[in-house]
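Structure first, then comments.
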Amino acid sequence: MNWICYLIIIGIILGTTLSLIASYYIYDVSNLYSLKWLDDVEIKQENHLLNINAGFDETSYLLKRKYVSSNLTVMDFYNPAKHTEVSIERARKAYPPYPGTLAIETSNIGVPTKSIDCAFVILAAHEIRDKQEQIIFFKQIKKSLKDDGKVIVVEHNRDIYNFLVYNLGCFHFFNPRRWKDVFKKSGLQLTQTKKITPFINVYYLT
């Protein structure tokens, strides 16, 4: 029986090590937080931008640095009663929100109709677990867009790559088919999908 215990221990160590290496690659080495993947998107400096997070915001400062003259509105839909990811609670205690961040409900983000040039939802939409709630949320964003407005959604995938790294944790994410159906039922048109890394997709919508 000892060899079985050893195999389990080795498996746990290897799994943890692989997860740490992949996380370092995704969040520290890749272009995710350099925002270079936005270079081909037509976003003007004076545009009105909307960035929506789920309780942990690592991108608003980066967006403001990239689009210095933009009018950036930041919103947080985190609701501990519905969005129960423990890591978010820890992150919220460690990192303060972007100044002026507005608390919202996914069913009513409270943005004036046709006022936004580009909306971002970066590594946050999967925290909305119910599909119908996701659709309502993206309908709210669609309503806020100007006629030529854009939505950019960044998400991990529920796929073999994320399974190899996060094991059962990958089931906290959704597969691209789910997102495409949500976008379609929200009235948004998917114009392009790109990969920042094998683990993350960027969805460009109008």
Side-chain angles (χ1 to χ4, degrees), residues 35 37-38 41-44 46-64 66-67 70-85 88-89 91-92 97-158 172-194 200-206:
L35 302 186
W37 44 275
L38 287 173
V41 182
E42 186 180 354
I43 300 176
K44 298 177 181 178
E46 66 275 12
N47 278 174
H48 191 166
L49 309 181
L50 173 64
N51 191 28
I52 303 179
N53 67 77
F56 181 47
D57 181 8
E58 292 185 294
T59 56
S60 290
Y61 284 104
L62 301 177
L63 288 169
K64 188 61 178 177
K66 188 175 183 69
Y67 306 107
S70 66
N71 181 359
L72 176 63
T73 298
V74 181
M75 295 183 166
D76 174 5
F77 65 72
Y78 178 71
N79 181 339
K82 294 192 295 183
H83 313 130
T84 55
E85 183 65 19
I88 292 180
E89 278 292 341
R92 286 170 67 86
Y98 185 83
T101 297
L102 303 173
I104 60 167
E105 294 288 337
T106 54
S107 59
N108 184 13
I109 65 175
V111 178
T113 301
K114 294 187 176 182
S115 63
I116 299 298
D117 293 289
C118 188
F120 299 88
V121 189
I122 301 175
L123 301 178
H126 66 272
E127 298 297 345
I128 307 172
R129 306 308 299 169
D130 180 74
K131 185 175 183 180
Q132 190 57 39
E133 185 182 354
Q134 289 175 341
I135 293 170
I136 292 171
F137 172 68
F138 281 105
K139 281 183 176 180
Q140 291 283 311
I141 294 177
K142 175 181 178 290
K143 184 180 177 182
S144 76
L145 294 179
K146 296 180 181 178
D147 291 335
D148 59 348
K150 308 173 186 68
V151 184
I152 297 175
V153 179
V154 180
E155 277 295 330
H156 279 279
N157 299 318
R158 181 186 293 179
H172 185 60
F173 310 126
F174 298 103
N175 60 46
R177 185 173 62 254
R178 160 73 170 256
W179 289 122
K180 290 175 183 178
D181 190 46
V182 167
F183 300 148
K184 181 178 180 181
K185 290 179 178 177
S186 304
L188 292 165
Q189 181 178 353
L190 179 62
T191 59
Q192 190 178 16
T193 303
K194 285 186 177 181
I200 295 179
N201 276 359
V202 183
Y203 301 97
Y204 300 89
L205 305 140
T206 58

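Heavy-atom basis, side chains included; hydrogens, waters and symmetry copies ignored. Just so it is clear, the structure is predicted and the values come from calculations on it, not from any experiment.
- Few gaps surround NZ on Lys66; more than 12 heavy atoms of other groups in view lie less than 6.0 Å from it.
- Note that the CZ atom of Arg178 and the CG atom of Asn157 stand 13.5 Å from one another [nearest 0.5 Å].
- Taking every heavy atom of both residues into account, Ser115 and Pro112 meet most closely at OG-O, 2.7 Å.
- Minimum interatomic distance between Ala125 and Phe138 (heavy atoms only, all atoms of both residues): CB-CZ, 4.0 Å.
- For Lys185, the side-chain hydrogen bond (donor to acceptor under 3.5 Å, both in side chains) test picks out Asp181, with sequence neighbours left out.
- Under the rule for a ring-ring contact (aromatic ring centres under 6.0 Å, His included), Tyr67 has no partner lying at least two apart in sequence or in another chain.
- How far OG1 of Thr206 is from NZ of Lys142: 10.0 Å, rounded to the nearest 0.5 Å.
- Of all heavy-atom pairs between Leu50 and Met75, the closest is CD1-SD, 3.8 Å.
- If you take CZ on Phe183 and CD1 on Ile135, they are separated by 11.0 Å, rounding to the nearest 0.5 Å.
- Using a 4.5 Å heavy-atom cutoff, the side chains of Val154 and Thr59 are not in contact.
- Listed by chain and number, the residues in a ring-ring contact (aromatic ring centres under 6.0 Å, His included) with His48 amount to none (sequence neighbours excluded).
- Aromatic ring pairs are classed by plane angle as parallel below 30°, tilted from 30° to 60° and perpendicular above 60°; the pair Tyr98 and Tyr61 is perpendicular.
- Residues Leu72 and Val74 meet the side-chain proximity criterion, which asks for heavy atoms closer than 4.5 Å.
- Under the rule for a salt bridge (charged side-chain N to carboxylate O under 4.0 Å, His left out), the partners of Asp147 that lie at least two apart in sequence or sit in another chain are Lys114.
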Inset, instruction - Verify side-chain contact (heavy atoms from CB on, under 4.5 Å) between Leu145 and Leu188, making sure each step is shown before the conclusion. - result: CA-CA 10 Å; Leu145 294 179; Leu188 292 165; 4.2 Å; yes
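- Rounding to the nearest 0.5 angstrom, the gap separating the CD1 atom in Ile136 from the CG atom in Asp130 is 8.0 Å.
- Judged by distance alone, with hydrogens and angles left aside, the side-chain atoms of Gln134 form a donor-acceptor pair with the main-chain N or O of Ile128 at under 3.5 Å.
- Side-chain N or O atoms of Thr191 include one that pairs as donor or acceptor with a backbone N or O of Tyr204 at under 3.5 Å.
- Taking the side chain as every heavy atom from C-beta outward, Ser70 and Lys64 approach each other to under 4.5 Å.
- Side-chain contact between Ile52 and Ile141 is present, with heavy atoms from C-beta onward closer than 4.5 Å.
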Legend entry - side-chain contact (heavy atoms from CB on, under 4.5 Å) between Phe120 and Ile43, worked out: CA-CA 12 Å; Phe120 299 88; Ile43 300 176; 3.8 Å; yes
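- Summarising the geometry of Leu190 relative to Leu205, their closest heavy-atom pair is CA-CD2, 3.7 Å, with the distance given to 0.1 Å.
- The two atoms that bring Val153 and Val151 nearest to each other are CG2-CG1, 3.9 Å, heavy atoms only.
- Residues meeting the salt bridge (charged side-chain N to carboxylate O under 4.0 Å, His left out) test with Lys150, sequence neighbours left out: none.
- Side chain of Glu155 to main chain of His126: a donor-acceptor pair is present (N/O by atom type, distance under 3.5 Å, no hydrogens or angles).
- Annotation: side chain of Leu38 is not in contact with side chain of Val202 (no heavy-atom distance under 4.5 Å).
- In this structure a side-chain-to-backbone donor-acceptor pair under 3.5 Å is present from Asn47 to Lys44.
- Shown here is Glu46, whose CD atom has more than 12 heavy atoms of other residues, nucleotides or ligands within 6.0 Å.
- A donor-acceptor pair under 3.5 Å links the side-chain atoms of Gln140 to the main chain of Ile109, judged by distance alone.
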Legend entry - Pair Lys131-Phe174, side-chain contact (heavy atoms from CB on, under 4.5 Å): steps then yes or no: CA-CA 10 Å; Lys131 185 175 183 180; Phe174 298 103; over 6 Å; no
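- The distance from the OG atom of Ser60 to the CD1 atom of Ile122 is 8.0 Å, given to the nearest 0.5 Å.
- In terms of the side-chain hydrogen bond (donor to acceptor under 3.5 Å, both in side chains) criterion, residue partners of Asp117 (sequence neighbours excluded) are, by chain and number, Lys146.
- The two atoms that bring Ala119 and Ile116 nearest to each other are N-CG2, 4.0 Å, heavy atoms only.
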Inset, instruction - I would like to know whether Asp57 and Asp76 meet side-chain contact (heavy atoms from CB on, under 4.5 Å); could you show each step before the answer? - result: CA-CA 8 Å; Asp57 181 8; Asp76 174 5; over 6 Å; no
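- Summarising the geometry, atom CD belonging to Glu133 is positioned 3.5 Å from atom OG1 belonging to Thr106; distances are rounded to the nearest 0.5 Å.
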